[in-house]
There are 2 protein chains.
Amino acid sequence: MDELTERQKLILSLVVRDYIETAQPVGSKNLIERCKLKMSSATIRNEMAALTEAGYLRQPHTSAGRVPTEEGYRYFVTHFVYQTDLPDATRNTISHQFYQARQDVEQWMHLAASILAHQSRAASLITAPHTERARYKHLELISTQGRQVLMVLVLVGGEVSQQILTLAEPVSQEQLSNAANRLNEVCQSRTTEELASLNPSGDALEKDILTLVLQDMNRGEQRASGEIYLDGLTNVLSEPEFIESDDARRAIRLFEERTLLQDLLARTMVNSHVGGVQVLIGGEGEWQELRQCSVVLARYGIPGAATGALGVFGPMRMSYARTIPTVRFMADLLSGLVSETMVGDES
Amino acid sequence: MDELTERQKLILSLVVRDYIETAQPVGSKNLIERCKLKMSSATIRNEMAALTEAGYLRQPHTSAGRVPTEEGYRYFVTHFVYQTDLPDATRNTISHQFYQARQDVEQWMHLAASILAHQSRAASLITAPHTERARYKHLELISTQGRQVLMVLVLVGGEVSQQILTLAEPVSQEQLSNAANRLNEVCQSRTTEELASLNPSGDALEKDILTLVLQDMNRGEQRASGEIYLDGLTNVLSEPEFIESDDARRAIRLFEERTLLQDLLARTMVNSHVGGVQVLIGGEGEWQELRQCSVVLARYGIPGAATGALGVFGPMRMSYARTIPTVRFMADLLSGLVSETMVGDES
DNA sequence: TTTTAGCACTCGCACGCTTGGAGTGCTAAA
DNA sequence: TTTAGCACTCCAAGCGTGCGAGTGCTAAAA
């Protein structure tokens with residue numbers, strides 16, 4: 001039970017691959033002719049019996065073929081596909097696409113989600129890079145008609161947030177610019193706590209603005225992650241195990257409601273180093289709603305500065321061999337982009 | 001055939017309502033007891049035969065109940081629900097939610113999508129307000145580490161776009177600010193064309209920046225709409241006609257790919273005045289992929305300045321009585337918000 | 001003239017039965 | 001240790017049947 005023979009490993013991997021491809025329980029005879037194995041079906045049956053005994057395979061009912069268990073997928077992933085890398089050609093194609101779209105972060109996110117979904121033929125999710133500890137970088141106040149003011153706040157790391165304020169009374173653009181400039185000098189590179197303990201000597205306007213800035217930074221810190229981008233939901237909708245199953249729909253609901261994502265990403269943030277790909281198979285007992293599903297997740301970015309997470313969500317039967325290398329590569333790629341274009345700390 | 005009798009109208013509306021609720025073909029006997037009508041089933045049968053003759057109902061097969069045709073839905077919508085308004089209580093609840101979330105536009109979009117989806121029990125879509133003719137309002141250049149510069153461009157109407165530039169050589173924050181200030185003076189309130197024909201006398205840096213600003217404004221104008229927000233896909237996924245139908249899935253794919261949306265919104269932009277709700281039933285022959293679906297759309301905002309579109313997507317069987325008033329009300333509400341918080345033109 | 005009761009007819013659907021085939025485990029021979 | 005053979009299991013697909021909801025038509029009632 002501890003260790004499988006080479007032949008058992010081979011058979012396990014073939015069964016998993018076959019099942020992933022066909023979504024049908026795989027039988028001994030069928031496997032032989034599909035894979036042109038040089039053994040008889042009886043031999044396969046014996047080995048399959050052993051693998052079933054060991055907990056890697058299971059039979060939906062007597063006289064049906066074998067289906068991988070969660071442990072079976074797990075073994076498959078750790079022993080066969082985890083190490084593999086994306087082919088150079090694919091890497092190049094993807095890099096090229098990003099090179100063309102390096103203008104803005106939002107486009108990266110859409111592109112990354114789209115590539116992940118397409119490569120893995122499943123649903124993808126990705127959060128924009130986000131700084132856990134917000135640090136003030138630059139503030140801009142733009143007067144608009146009447147008492148409305150557009151406030152643009154830039155954080156170290158490059159996050160930009162904007163909101164529209166309504167002041168008690170009209171203020172000229174010049175006054176606004178002066179206030180912003182003074183705040184920019186005082187607040188440069190400071191964290192939320194530092195700004196909160198700061199006692200501004202300035203006028204009422206500056207104090208008000210500072211309060212709003214703090215609110216904004218706090219709101220950002222509360223959120224565990226930035227905006228979440230999704231793609232490829234339809235891929236997973238057309239999978240056979242999803243067309244009628246009820247808990248499949250429930251999983252998709254979670255997916256849409258994004259609470260699941262928050263949890264999963266939080267977990268990934270804690271458990272993994274940047275670049276390490278996590279594979280969550282069938283909910284692993286923790287997530288009831290994910291019983292039939294798997295999630296492949298990775299973190300990207302610069303720890304301590306801006307980080308984000310990305311992943312793929314699909315049926316347990318998803319193609320790990322394509323998904324895992326893709327997720328790893330995309331995480332590396334995005335980490336590179338983040339460090340390249342990060343709005344730095346000049347202090 | 002031209003005009004229906006009052007009783008026929010009544011029966012048509014009851015049939016449509018019943019079918020919308022139950023998703024089952026509705027028969028004469030059943031209708032009587034459900035609605036406690038004071039006629040016999042035979043009378044209903046006669047009237048139903050007339051309505052079928054007139055093209056408003058149809059039978060899936062002999063000896064099944066009646067189902068509304070597209071014309072049936074259309075008649076129902078125009079004669080029975082189009083005029084209705086949302087109950088005051090609901091209006092107040094919704095307004096209240098928006099009042100709490102008036103800080104930023106993005107939050108509005110999410111909130112609006114969520115409310116639409118929830119009220120209509122279907123999928124909702126909404127685009128951020130977008131100006132067809134971009135007019136320069138304000139530019140900000142923020143130096144970051146090395147040669148990277150964060151460029152924030154604000155348009156009249158309040159759209160904000162940001163991108164990261166890489167300059168040929170490092171430039172100080174002061175130089176950047178000066179360049180931005182000069183451009184802000186020259187470009188104030190100008191359209192893309194005016195800026196393009198402008199021959200800047202300034203230095204190379206300013207010229208380069210101006211080129212990028214123009215690119216950015218052009219990109220914005222190319223896009224027919226802003227970012228698209230979706231919500232409530234799961235509502236429509238669990239509808240009975242969607243659980244296995246193939247063209248239902250195709251419709252959802254369109255929905256996700258967002259090309260459909262571009263087309264639909266473009267159509268809405270052309271055909272409708274702000275505030276008018278458009279109802280597209282079963283694709284109306286034009287959209288093959290929407291055969292089983294309906295879309296309720298409206299435009300919101302200030303024509304000539306910032307406008308956007310919002311709508312609900314669902315099965316033909318969707319609850320028009322809830323959806324149409326909600327869409328209309330949300331369009332009005334958002335129009336109000338847009339005009340309230342619009343970044344104005346000071347020229 | 002309009003409405004209604006009655007009736008014969010239609011036809012999808014759920015139910016039960018049968019059958020075929022893919023798959024299994026076991027045993028005995030190679 | 002592997003393989004051929006065999007008896008056994010059991011799902012899935014096909015088929016017939018009866019039920020019931022629904023219809024249109026006709027003739028009587030209002």
Side-chain angles (χ1 to χ4, degrees), chain A residues 3-12 14-16 18-19 21-69 72 240-241 243-245, chain B residues 3-12 14-16 18-19 21-69 72 240-241 243-245:
Chain A
E3 201 46 73
L4 301 180
T5 66
E6 281 308 311
R7 193 169 64 186
Q8 282 171 339
K9 289 189 187 177
L10 174 69
I11 290 173
L12 176 56
L14 290 176
V15 169
V16 174
D18 200 66
Y19 184 67
E21 196 176 329
T22 65
Q24 300 289 332
V26 11
S28 51
K29 214 164 180 176
N30 223 312
L31 190 68
I32 295 237
E33 60 184 40
R34 271 189 158 265
C35 307
K36 300 185 174 52
L37 291 179
K38 294 231 187 71
M39 316 162 225
S40 83
S41 62
T43 311
I44 305 282
R45 277 204 290 284
N46 287 332
E47 297 290 37
M48 276 182 166
L51 287 166
T52 306
E53 177 70 20
Y56 295 119
L57 295 178
R58 123 191 115 73
Q59 292 179 276
H61 20 257
T62 347
S63 98
R66 298 312 210 282
V67 165
T69 62
E241 52 262 73
I243 59 171
E244 206 164 350
S245 154
Chain B
E3 202 44 74
L4 300 180
T5 67
E6 282 307 312
R7 192 169 64 185
Q8 284 170 339
K9 287 189 187 177
L10 174 69
I11 290 174
L12 176 55
L14 290 176
V15 169
V16 174
D18 199 67
Y19 183 68
E21 197 176 329
T22 64
Q24 302 288 334
V26 10
S28 52
K29 214 165 182 175
N30 222 313
L31 190 67
I32 295 236
E33 60 182 39
R34 271 189 159 263
C35 306
K36 300 187 173 49
L37 291 179
K38 295 232 184 72
M39 318 162 222
S40 82
S41 59
T43 311
I44 305 283
R45 277 204 290 283
N46 286 332
E47 297 292 36
M48 277 182 168
L51 287 167
T52 307
E53 179 69 19
Y56 295 120
L57 296 179
R58 120 190 115 76
Q59 291 179 275
H61 19 258
T62 346
S63 96
R66 300 308 211 283
V67 165
T69 61
E241 53 263 72
I243 60 170
E244 206 163 351
S245 152

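Residue numbering restarts at 1 for every chain, and letters A, B, ... go by the order of the sequence lines. Values reported hereafter were calculated over all heavy atoms of this structure, with side chains retained and with hydrogens, waters and symmetry mates removed.
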Residues which pass side-chain contact (heavy atoms from CB on, under 4.5 Å) with B/Arg58, listed by chain and number, not counting sequence neighbours: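 Applying side-chain contact (heavy atoms from CB on, under 4.5 Å) to B/Arg58 gives B/Val67, B/Thr69.
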Are side-chain heavy atoms of [X] and [Y] found at a separation under 4.5 Å?
| X | Y | result |
| --- | --- | --- |
| B/Arg66 | B/Val26 | no |
| B/Leu10 | B/Glu47 | no |
| A/Tyr56 | A/Val15 | no |

Protein-nucleotide distance (B/Glu47, atom CD; C/dT4, atom P), rounded to Å: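 After rounding, the reported distance stands at 11 Å.
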B/Gln8 CD to C/dT3 P, straight-line distance once rounded to whole Å: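 Those two atoms, CD and P, are 11 Å apart.
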Strand-adjacent residues in residues 30-37 of chain A, judged by heavy atoms under 4.0 Å from DNA chain C: A/Asn30
Inter- and intrachain pairs under salt bridge (Lys or Arg N to Asp or Glu O under 4.0 Å), touching residues 24-46 of chain B, at least two apart: B/Asp18-B/Arg34
Enumerate the protein-to-nucleotides 25-30 of chain C contacts in which both atoms are nitrogen or oxygen and the separation is below 3.5 Å.
residue, atom, partner, partner atom, Å
C/dG25, OP1, A/Arg66, NH2, 3.0
C/dG25, N7, A/Arg45, NE, 3.2
C/dG25, O6, A/Arg45, NH2, 3.3

Nearest-0.5 Å distance, CG of residue B/Asn46 to CZ of residue B/Arg7: 8.5 Å
CG-OG1 distance between A/Leu57 and A/Thr52, expressed to the nearest 0.5 angstrom: 5.0 Å
Please write out the pairs of protein N or O atoms and N or O atoms of nucleotides 11-21 of chain C separated by less than 3.5 Å, giving the distance to one decimal.
residue, atom, partner, partner atom, Å
C/dC11, OP1, B/Thr62, OG1, 3.3
C/dC11, O4', B/Ser63, OG, 3.3

Phosphate OP1/OP2 of D/dT3 contacted by A/Ser41 side-chain N/O (<4.0 Å): no
Any A/Thr43 side-chain N or O less than 4.0 Å from OP1/OP2 of D/dT3: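 The answer is yes; a side-chain N or O of A/Thr43 sits under 4.0 Å from OP1 or OP2.
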Residues A/Leu12, A/Val16; criterion side-chain contact (heavy atoms from CB on, under 4.5 Å); working and verdict: CA-CA 6 Å; A/Leu12 176 56; A/Val16 174; 4.0 Å; yes
Structure string for DNA chain C in dot-bracket form, Watson-Crick and G-U at under 3.5 Å, | interchain: ||||||||||||||||||||||||||||||
